[in-house]
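As the structure is a computational prediction, the values presented were derived from the model and not from experiment.
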Number of protein chains: 2
Amino acid sequence: MGERREIAALEGRLVAELVARGLRQTGPRRVIARVFFEAAPDEHLGLDEIHSRARKRDRHIGYATVYRTMKLLTEVGLAHERRFGDGFSRYEVAAGAAHHDHLICSRCAGIVEFEEPEIEAIQERVARRHGFAVTSHRHEIYGICASCQKAEHG
Amino acid sequence: MGERREIAALEGRLVAELVARGLRQTGPRRVIARVFFEAAPDEHLGLDEIHSRARKRDRHIGYATVYRTMKLLTEVGLAHERRFGDGFSRYEVAAGAAHHDHLICSRCAGIVEFEEPEIEAIQERVARRHGFAVTSHRHEIYGICASCQKAEHG
DNA sequence: GTCGCTGCAAAACGTTTGCATTTAG
DNA sequence: CTAAATGCAAACGTTTTGCAGCGAC
């Protein structure tokens, strides 16, 4: 699997960004970034979760450092901050490539990602019609997932 | 203009809901609902703004009452709560009819609404493919609006 | 030795709730 | 009269910041 390779690549990009900005490579940063990069692509971790996972590797890491590191990762384009309806921010690895959106189950909070180039195209057209230059977008579909639908009939 | 009529209609729906639920018609509720219903369709007021407008008509209205009234309006389906990226909730009159989404200018925070049935259709298809029963969605396109683009070249 | 980074604790933020009082029905 | 609604102030949960000490370079 290319997983290892991809994480290494992400870490490489981070190091490059740090150097380019005259910032330092530190233990906490490395741990937090790695926890984040290693998360399953559909986990969408919140600060709390990242913090607790990071602590398993270095007990001293503080919440504020997680916050600041994720902010940094977002600024350099390695992370995307998402705000679903549940009150806190979640982060996902910025897919260098295709953008994707989310299907969110209102019952079990499960999240499925999807890509739909056709929607992206239409959306680009809509924006142009209104004179907007698109920088990003967010598209979330809320509903009840298959397994929760089944459970409901029980 | 049908504006007056429409506000009256919305107020009527609210009264009907209140009666149906055994709730009371009170001064503060009337004022808050009216402020909300009278807002321009693209204003997307936050609690703060609704509160301050309501206070202009009744100095005694408290923030908590605005909060609870907007929650009520949301529950009975007369308001939709929106959370854009700016940290607080905004409300808009629930268009009984067609759903619409938002184009948001990252520079001036201006908001333009749009409807795109084609996107809705595709999205329905995507959800079905994943076994989801759609209940709602949110689609926001972020970018720079025409006038901010011009300003930028200045 | 710098200057950035860290952890802690505390502030800030919008949202939400407990409670004593007021008021619609 | 009674239960619902109100305003205030305080509690919440999360995000953000101030600061003294620590550590990368």
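If you take CG of Leu45(A) and C1' of dT14(D), they are 17 Å apart, rounded to a whole angstrom.
The nucleotide whose nearest atom lies closest to any side-chain atom of Phe88(A) is, among dG7(D), dT14(D), dA5(D), dT14(D). Proximity note for Arg24(A) (side chain, C-beta onward) versus dC8(C), dA24(D), dT23(C): the nearest is dA24(D). Relative to the side chain of Arg55(A), the nucleotides dG7(D), dC8(C), dT6(C) differ in distance, and dC8(C) lies closest. The side chain of Ala64(B) sits closest to dG7(D) out of dG7(C), dT6(D), dG7(D).
If you find the closest nucleotide of DNA chain C to Leu23(B) and to Ile32(A), the one lying nearer the 5' end belongs to Ile32(A). Where Lys71(B) and Gln25(B) each meet DNA chain C at their nearest nucleotide, the meeting point lying more 5' is that of Lys71(B).
Side chain Arg68(A) to base dG7(C): a donor-acceptor pair is found below 3.5 Å. For dG4(C), the base has no donor-acceptor partner in the side chain of Arg29(A) [N/O atoms by modelled type, under 3.5 angstrom].
Between dT15(D) and Ser89(A), a contact under 4.0 Å exists linking OP1 or OP2 to a side-chain N or O. Note on Tyr63(A): a side-chain N or O is less than 4.0 Å away from OP1 or OP2 of dT15(D).
Leu78(A) contributes atom CG, which lies 10.5 Å from atom CD of Glu11(A) (distance to the nearest 0.5 angstrom).
Ion pair Glu140(B)/Arg138(B) flagged as a salt bridge, since at least one NZ, NE, NH1 or NH2 atom sits closer than 4.0 Å to an Asp/Glu carboxylate oxygen.
Side-chain N or O atoms of Gln25(B) include none that pairs as donor or acceptor with a backbone N or O of Arg30(B) at under 3.5 Å.
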